[in-house]
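Treat the numbers as computed from the prediction; the structure is a model and nothing was measured.
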Amino acid sequence: MQIKKAGFLTKLVILGLLIYMATSLLNLRAQLQVHQEEKDALSAQVEQLAQKNTQLADAIENKDDPDVLEAVARDKGFVKAGEKLFIDVAN
């Protein structure tokens with residue numbers, strides 16, 4: 001049995017398919033890289049939010065602690081009775 005050689009048109013079609021597959025592969029690789037970067041950014045954001053949730057959970061647990069209450073009051077600008085508040089207006 002003899003094998004018939006591929007004609008010029010067949011070779012051209014196969015070459016076209018190979019070029020198409022190569023460009024598709026490169027396009028998919030670029031998309032994969034973009035999505036990987038997005039995934040990394042979202043993972044970092046999830047970790048930051050998890051840390052913030054942990055801090056908020058700790059704040060809820062210690063809401064009646066006098067030291068925590070005083071720290072919150074200082075952050076809000078409150079002072080104790082009898083204290084004098086000096087505001088720096090030079091800035």
Side-chain angles (χ1 to χ4, degrees):
M1 183 169 163
Q2 279 186 327
I3 298 175
K4 187 177 177 183
K5 288 189 175 182
F8 178 73
L9 184 60
T10 306
K11 290 179 183 178
L12 190 61
V13 168
I14 290 175
L15 179 64
L17 287 174
L18 287 175
I19 291 173
Y20 171 75
M21 287 174 31
T23 55
S24 295
L25 181 63
L26 291 175
N27 186 22
L28 287 174
R29 182 175 273 181
Q31 287 179 0
L32 181 64
Q33 185 177 9
V34 167
H35 290 299
Q36 183 68 32
E37 290 172 358
E38 288 177 8
K39 179 187 164 245
D40 293 340
L42 290 173
S43 295
Q45 185 179 3
V46 165
E47 185 160 332
Q48 289 174 349
L49 290 174
Q51 289 176 353
K52 187 174 181 180
N53 283 345
T54 303
Q55 291 172 351
L56 290 173
D58 290 342
I60 289 172
E61 285 180 19
N62 299 323
K63 66 182 178 183
D64 295 329
D65 187 17
D67 294 331
V68 173
L69 291 175
E70 184 175 349
V72 170
R74 294 287 180 186
D75 288 341
K76 300 262 183 197
F78 298 129
V79 294
K80 289 182 181 178
E83 283 186 333
K84 291 183 182 180
L85 178 63
F86 295 98
I87 299 174
D88 184 14
V89 294
N91 291 333

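- Residue Leu49 holds its CG atom at 6.5 Å from CG of Asn53, rounded to the nearest 0.5 Å.
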In a table with atom names and distances, give each donor-acceptor pair under 3.5 Å that connects a side chain of residues 3-11 to protein atoms at least two apart or in another chain.
none

What pairs of donor and acceptor atoms, side-chain ones from residues 25-32 against any protein atom, are under 3.5 angstrom apart with sequence neighbours left out?
none

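- Atom CD in Gln36 sits 9.0 Å away from atom CD in Gln33 (nearest 0.5 Å).
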What side-chain donor-acceptor pairs closer than 3.5 Å can you find for residues 54-80, not counting sequence neighbours?
residue	atom	partner	partner atom	Å
Thr54	OG1	Ala50	O	2.9
Asn62	ND2	Asp58	O	3.3
Arg74	NH1	Glu83	OE1	3.1
Arg74	NH2	Glu83	OE1	3.4
Arg74	NH2	Glu83	OE2	3.0

